[in-house]
2 protein chains.
Amino acid sequence: MATAPQEVCVTDNLMHFLELSETDKRLLATLEQTPQPVAKGQQLWKASERPDTLYTLRRGWAYSMHRSESGEEQVLDIFLPGDLMGIRELTFPAHSTDVVMLTSGVVCPFPAERLLDIYQRSPSLTLAIHAAAARQQVIISKRLVNILRHDARAKIAHFVLELYYRLKRVDESVHRNFAVPLLQSDFGKLLGMTKVHVSRTLSEMENQGLLRKTRKDIQILDLDRLLEISAFDPMKLTDQLNPTLTAALPSPGPS
Amino acid sequence: MATAPQEVCVTDNLMHFLELSETDKRLLATLEQTPQPVAKGQQLWKASERPDTLYTLRRGWAYSMHRSESGEEQVLDIFLPGDLMGIRELTFPAHSTDVVMLTSGVVCPFPAERLLDIYQRSPSLTLAIHAAAARQQVIISKRLVNILRHDARAKIAHFVLELYYRLKRVDESVHRNFAVPLLQSDFGKLLGMTKVHVSRTLSEMENQGLLRKTRKDIQILDLDRLLEISAFDPMKLTDQLNPTLTAALPSPGPS
DNA sequence: GCGCAAAGACAACATGGGTTATCAGTAGCG
DNA sequence: CGCTACTGATAACCCATGTTGTCTTTGCGC
């Protein structure tokens, strides 16, 4: 119950954006031919390594994080099942983040060149992958905006809603109550606050009837007020593409 | 003297990453056939518009910004000459930011479909454009990390160094003293602090012999200490690409 | 079932930065 | 040349969050 029950593949993810042809699906499937179980806490890559492998996350959660010289950790991405991991750093000669599994799970590693290959074979897949990457970036940008402008309560509300909507997208079974394998200290690393203050604020939010976080899961008690105080915009995670682009694709329908 | 003296085109920018063939250069040049002067304060796009036009910035500075319902403004990107504007939001059905000129300048608008066209014609240009986009994103991520972990002095130091190294990359004439058309309130919107505190902190930093900001420019007084207190890593803006990718390109050299 | 380590709750205190207000330069403009 | 609006400096005050430390709860290995 701690990790998502079913497996999600990238195809499930990218299909949200665009109708994929059978050829595209087969091409995508070649990325996921080598599923590999990974243990909780396992590192997929480390800062300063060369990014020559990308991963799809089929099951479990992972996160990427900056480690500063002073040993402080800042979490940048939370990866959920179906996510593609590593595109942001792909063009750099070295990784700048570590990526660690938050739970046990299953990943599919594939060589970076395979992506270039896909770019040359399928414009629609290229677009879908871009869209997915852009949404990962927008998640970070939105977090930046929110973090800079709001207090601890709003930061937490914003992040919880981010998780809620991202999870619902790939897992129908997610309801007001969903499993979250994150500690209070992880919230802190993500939102740039101390775990002490996370604890303080979570207690406060529970007293106010907003949400309840236990060790394993989160229960959303008052969705409307959470949306209100965090100014979260679910549309930012939209699956809709820019019509200008889809119209310009060579073969609009499934071929 | 307030705006950069010379013009910089995208080619100048992308050439940093990769040797471009003549064909590639000609292809790129087609994007910049319609230079258009823009006035200070002019908006290039607004939130909620559909992103059907991209821009290259040839001369002048611009910034993109989120406006929240409560009217607060959060600056996300600072665009400098040579930058490509609009890729992050390209795949979304609507812009989420406003983009405004900070100075007068020259931009080259081109239709979004042209980019897809380039993707299909030139793998090396595709890679170079990705690299540039990824670096814009990394700038934001680094700012996030830095902002969350450090105090006002370090935030300002970090941002000033970001500007310094980005400017030096495209403009040889930049020295310890360089023109910056940003107000203290712009610093505030960018770094998530009030202009009052920006003022306070700038005074403090000048007293400490770190840097001096006037209305028109910034003077770096002690580069080493600025690097130290901000933990800024100039390598993050590296022009180097991932060798794994360049090796996989169809035609490695200029063809 | 016991013991230990990790996670979380809570309290007391310190402080960086927000808020508000006032005043002084500065730039734009008639 | 002077009016006006904007930008920046500075001060007083306050609050949200960081810091430190202690105690409780939970989970896990033996």
Side-chain angles (χ1 to χ4, degrees), chain A residues 1-2 39-41 68 70-74 100 102-104 146-159 179-208 211-219 229-230, chain B residues 1-2 39-41 68 70-74 100 102-104 146-159 179-208 211-219 229-230:
Chain A
M1 189 58 188
K40 174 173 170 172
S68 73
S70 46
E72 289 171 348
E73 300 176 341
Q74 171 65 41
V100 181
L102 273 161
T103 65
S104 63
N146 191 265
I147 278 173
L148 287 181
R149 294 282 161 220
H150 299 296
D151 65 1
R153 202 182 54 149
K155 287 184 204 179
I156 290 181
H158 191 275
F159 175 57
V180 174
L182 296 171
L183 305 174
Q184 292 188 349
S185 57
D186 295 321
F187 273 58
K189 286 174 203 161
L190 214 110
L191 301 174
M193 48 204 271
T194 59
K195 56 188 183 173
V196 179
H197 199 51
V198 171
S199 170
R200 232 187 313 215
T201 310
L202 281 175
S203 307
E204 182 195 331
M205 294 177 84
E206 183 173 342
N207 288 337
Q208 295 172 339
L211 60 81
R212 217 176 108 75
K213 177 179 182 323
T214 66
R215 275 171 201 242
K216 331 219 85 151
D217 48 26
I218 287 182
Q219 190 176 359
I229 66 183
S230 69
Chain B
M1 188 59 186
K40 173 173 170 172
S68 72
S70 47
E72 289 172 347
E73 299 176 343
Q74 171 64 42
V100 181
L102 274 161
T103 66
S104 64
N146 191 267
I147 279 173
L148 287 182
R149 294 283 161 222
H150 299 297
D151 64 1
R153 204 182 54 150
K155 288 185 204 180
I156 289 181
H158 191 274
F159 175 57
V180 174
L182 296 171
L183 305 174
Q184 292 188 349
S185 57
D186 295 321
F187 272 59
K189 286 173 205 162
L190 213 106
L191 302 175
M193 47 203 274
T194 59
K195 56 190 186 174
V196 178
H197 199 50
V198 171
S199 171
R200 235 186 313 214
T201 311
L202 281 175
S203 306
E204 181 195 332
M205 294 178 85
E206 182 172 344
N207 288 337
Q208 296 172 339
L211 59 82
R212 219 176 105 76
K213 176 174 184 328
T214 66
R215 274 171 201 244
K216 330 219 88 150
D217 47 27
I218 288 183
Q219 193 176 358
I229 66 181
S230 69

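The figures that follow rest on heavy atoms only: side chains count, while hydrogens, waters and symmetry mates do not. In what follows, every chain begins at residue 1, and chains take the letters A, B, ... in the order their sequences are listed.
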Taken to the nearest whole Å, NZ/B:Lys195 to P/D:dT7 is 8 Å

The salt bridge (charged side-chain N to carboxylate O under 4.0 Å, His left out) partners of A:Glu206 (sequence neighbours excluded) come to A:Arg212

Could you run down nucleotides 15-30 of chain D 5' to 3' and tag each one B, S or - for protein heavy-atom contact under 4.0 Å? --BBBB----BS----

Partner set under side chain to side chain donor-acceptor pair (under 3.5 Å) for A:Lys189, not counting sequence neighbours: A:Glu73

Who passes side chain to side chain donor-acceptor pair (under 3.5 Å) against A:Gln208, sequence neighbours left out? A:Arg153, A:Glu204

So if I take the C1' atoms of five pairs at each end of the helix from C:dG1-D:dC30 to C:dG30-D:dC1 and get each local axis, what angle do the two axes make, rounded to 10 degrees? 50°

Using side chain to side chain contact (heavy atoms under 4.5 Å, CB included) as the criterion, list what pairs up with B:Leu148, not counting sequence neighbours. A:Gln74, A:Ile147, B:Leu144

Among residues at least two apart in sequence or on other chains, which ones pass side chain to side chain contact (heavy atoms under 4.5 Å, CB included) with A:His150? A:Asn146, A:Ala154

note: B:Leu148, atom CG; C:dG17, atom P; distance rounded to Å ~ 13 Å

Output the rounded distance in Å from CD (A:Glu204) to C1' (C:dC10). 14 Å

Without decimals, in angstroms, what is the distance between A:Gln184 CD and C:dC10 P? 10 Å

Between P of D:dC6 and CG of B:Leu182, the distance in whole Å: 19 Å

How would you list all residue pairs meeting side chain to side chain donor-acceptor pair (under 3.5 Å) that involve residues 194-203 of chain A, not counting sequence neighbours? A:His197-A:Arg200

Any donor and acceptor pair, going by atom type alone, linking the side chain of A:Lys213 with main-chain N or O of A:Val180 inside 3.5 Å? no

Partner residues of B:Ser185 under the side chain to side chain donor-acceptor pair (under 3.5 Å) criterion, sequence neighbours left out: none

Please report the distance, rounded to the nearest Å, between CZ in B:Arg149 and P in C:dG16. 17 Å

